[in-house]
Q: 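The structure under discussion is supplied below as structure tokens; questions concerning it will follow.
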Amino acid sequence: MMGCDLILAESDFHLIQACSFALKFKNDTSTEILWIGSKDSTYFNFFKNKFQISHVDLTNFNFFNVEQISNNSKLISLKDIKINRLITFYDTHFFFEYLRSEFKISWGNIGLLDDGIGSLYKTSMPKIHRRIPKAIYNLFCRRFNVNLSLNTLGSNKKIKTFITIFKKNHHHAFVNPELIDIVKEFKSLNKLISDENINRSNISGNIILTSPVLKYKRLSKEDFLDYLKNLLTNVDLNQHVYFKPHPREDLIQFTNVIKKLNIYFTILDQKLPIEFYFNSISDSTWIGMPSTAFLTRIILNPNSNDNYIILQENNDPFPGRIPVLETFFKSNQIKYQIL
């Protein structure tokens, strides 16, 4: 029976890692990628003809009815393939847990992609008290097992294999892990997709990244405005200001708040990944809430003359990001301030 590595990807960041893994091992093993994100994704449409990627639409499926996807033609075809490793982005995602049970994959044959900054510190998502009721429900209904490890991602002690661009800073609990470094391939594929999807421009100044605080009501419009005003006191306003809103942010609300700052500004395309702009950016100060983009900027453009100013948001739901960023900046000899 033919064998393969099967990778699940939900975000663009996951997908380009999956493709980087496939590129790294193209001469050694077959890699099948199941894309469960949007069919409209620029990454999916760019890579789907270059790698073995199949789209699986989970729109009508959730934890409680995922078994109904069993008649999906792609999943049926996988029954004839020996899955050597199942590689996921979350070890608690319902589709991963269903597939692990359906294909009888042991934890020893599970791999994990990076989940951005979340792969650099101890985490539990969702919290174990939210997973326990689902585990009890599945036990009584004789469904698939629910992961009840105290912590998740790299903190899951049952996972030994990690596909990563953060080899030096990766957090993991397994004593003797297998860290598969895909930095070379990650850089190559990022350049390939960026060159084809963005017009060249010269960006230099202050680049402000924000989380979707308005969309998810983590801050009111008034509080967000105060946050930005405070942020701008720490930058040189003689330099142009660029805003890169989070892809899920409410752009109308965001723009209305920005206009109240009374400064000259440019809003970079919300839908384009910030990585698409990297080769157009030089000598800039990156400012904002803790972001994976700061890490990928340093990895993809290590010789850039950039500076970083990090502000922790009020009631930060992920306080572990700040010390992780500080360690990363220090290990890469990057100029930074954390306020």
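Starting from 1, each residue takes its place in the sequence as its number.
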Q: Which atom names give the shortest non-hydrogen contact between Cys4 and Glu32, and what distance separates them?
A: SG-CG, 3.9 Å
Q: Please report the closest heavy-atom contact between Arg130 and Lys134, naming both atoms and the distance.
A: O-CG, 4.3 Å
Q: Apply the test side-chain hydrogen bond (donor to acceptor under 3.5 Å, both in side chains) to residues Ser41 and Asp12: give CA-CA distance (whole Å), side-chain angles for both, the deciding distance (0.1 Å), then the verdict.
A: CA-CA 7 Å; Ser41 160; Asp12 292 335; 2.7 Å; yes
Q: Supply the atom-to-atom distance Asn84 CG to Lys82 NZ, rounded to the nearest 0.5 angstrom.
A: 4.5 Å
Q: Parallel under 30°, tilted from 30 to 60°, perpendicular over 60°: which one fits the rings of Phe63 and Tyr137?
A: tilted
Q: Give a yes/no verdict on a cation-pi contact between Arg297 and Phe278, requiring under 6.0 Å between NZ or CZ and the six-membered ring centre and an angle within 45° of the axis.
A: yes
Q: What closest approach, in Å, do Leu120 and Asn169 show between heavy atoms, and which atom pair accounts for it?
A: CD2-O, 3.4 Å
Q: According to side chain to side chain contact (heavy atoms under 4.5 Å, CB included), who are the partners of Ser38, at least two apart in sequence or on a separate chain?
A: Asp40
Q: Backbone N or O of Asn60 within a donor-acceptor pair of the Asn65 side chain at under 3.5 Å?
A: yes
Q: Would you say Arg131's side chain and Asn147's backbone share a donor-acceptor pair under 3.5 angstrom?
A: yes
Q: Using the rule given for ring pair (Phe, Tyr, Trp, His ring centres under 6.0 Å), can you reason through Phe94 versus Tyr98, listing the C-alpha separation, both sets of side-chain angles and the distance that settles it, and then say yes or no?
A: CA-CA 6 Å; Phe94 71 90; Tyr98 166 73; 8.9 Å; no
Q: Does the cation-pi check pass for Lys79 over Phe103, that is, NZ or CZ under 6.0 Å from the six-membered ring centre and within 45° of its axis?
A: yes
Q: Please tell me if the side chains of Phe166 and His171 come closer than 4.5 Å, counting only heavy atoms from C-beta onward.
A: no
Q: Testing the basics here: between Leu209 and Ser291, what is the closest heavy-atom pair and its distance to 0.1 Å?
A: CD1-OG, 4.0 Å
Q: Nearest 0.5 angstrom please: Lys26 NZ to Gln52 CD, how far?
A: 13.5 Å
Q: Report the relative orientation of the aromatic rings in Tyr90 and His93; use parallel for angles under 30°, tilted for 30 to 60°, perpendicular for over 60°.
A: tilted
Q: Using only atom types and a distance under 3.5 Å, with no angle test, would you say the side chain of Ser284 pairs donor to acceptor with the backbone of Gly205?
A: yes
Q: For Ile338, what residues pass the side chain to side chain contact (heavy atoms under 4.5 Å, CB included) criterion, not counting sequence neighbours?
A: Ile310, Ile322, Glu326, Tyr336
Q: Apply ring pair (Phe, Tyr, Trp, His ring centres under 6.0 Å) to residues Phe186 and Phe21 and explain how you reach the verdict.
A: CA-CA 9 Å; Phe186 184 79; Phe21 176 90; over 10 Å; no
Q: Search all heavy atoms of Ile69 against all heavy atoms of Asp57 and return the closest pair with its distance.
A: CD1-O, 4.4 Å
Q: Strictly distance-based, threshold 3.5 Å: is any side-chain N or O of Asn301 a donor or acceptor partner for the main-chain N or O of Ser304?
A: no
Q: Return yes if some donor-acceptor pair links the side-chain N/O of Asn109 with the main-chain N/O of Ile105 below 3.5 Å, else return no.
A: no
Q: I'd like to know whether the aromatic ring centres of Phe96 and Phe144 sit less than 6.0 Å apart in this structure.
A: no
Q: Under 3.5 Å, is there a donor on one side chain and an acceptor on the other for Asp306 and Trp286?
A: yes
Q: Just say parallel, tilted or perpendicular for the rings of Phe44 and Trp35, cut-offs at 30° and 60°.
A: parallel
Q: Identify whether the distance between the nearest side-chain nitrogen and carboxylate oxygen of Arg85 and Glu178 falls below 4.0 Å.
A: yes
Q: Under the side-chain hydrogen bond (donor to acceptor under 3.5 Å, both in side chains) criterion, do Lys335 and Asn305 qualify, and how do the steps go?
A: CA-CA 9 Å; Lys335 294 177 291 184; Asn305 185 27; 3.0 Å; yes
Q: For the hydrophobic clusters of this structure (ILVMFWY residues joined by side-chain heavy atoms under 4.5 Å, transitively), does one cluster hold both Val241 and Leu339?
A: yes
Q: Report yes if the side chains of Tyr43 and Pro273 come closer than 4.5 Å at any heavy-atom pair, otherwise no.
A: yes
Q: Would you find a donor on one side and an acceptor on the other, under 3.5 Å apart, between the side chain of Glu249 and the backbone of Val213?
A: yes
Q: Any side-chain heavy-atom pair from Lys74 and Leu34 closer than 4.5 angstrom?
A: yes
Q: Could you check whether any side-chain N or O of Asp91 sits under 3.5 Å from a backbone N or O of Thr152, counting only pairs where one atom can act as donor and the other as acceptor?
A: no
Q: For the pair Phe224 and Phe254, name the ring-plane relationship: parallel under 30°, tilted 30 to 60°, perpendicular over 60°.
A: tilted
Q: Under a plain distance cut-off of 3.5 Å, with no hydrogens placed, do Asn151 and Lys157 share a side-chain donor-acceptor pair?
A: no
Q: Rounded at 0.5 Å granularity, tell me how far CG in Asn279 sits from CG in Asp195.
A: 6.5 Å
Q: Classify the angle between the aromatic ring planes of Phe265 and Phe243 as parallel (below 30°), tilted (30 to 60°) or perpendicular (above 60°).
A: perpendicular
Q: Looking at Phe328, is Lys330 sitting on its ring face, NZ or CZ under 6.0 Å from the six-membered ring centre and within 45 degrees of the normal?
A: no
Q: Give, for atom CG of Leu189 and atom OG of Ser194, the distance between the pair rounded to the nearest 0.5 Å.
A: 10.5 Å
Q: What are the two closest heavy atoms between Pro245 and Leu251, and how far apart are they?
A: CG-CD1, 3.9 Å
Q: Please name all residues satisfying side chain to side chain contact (heavy atoms under 4.5 Å, CB included) with His170, sequence neighbours left out, ordered by chain then number.
A: Asp114, Ser119, Phe162, Thr164, His172, Leu179
Q: Backbone N or O of Asp226 within a donor-acceptor pair of the Asn230 side chain at under 3.5 Å?
A: no
Q: Under 3.5 Å, is there a donor-acceptor pair between the side chain of Lys50 and the main chain of Phe46?
A: yes
Q: Ignoring hydrogens and geometry, is there a side-chain-to-backbone donor-acceptor pair from Gln270 to His246 under 3.5 Å?
A: yes
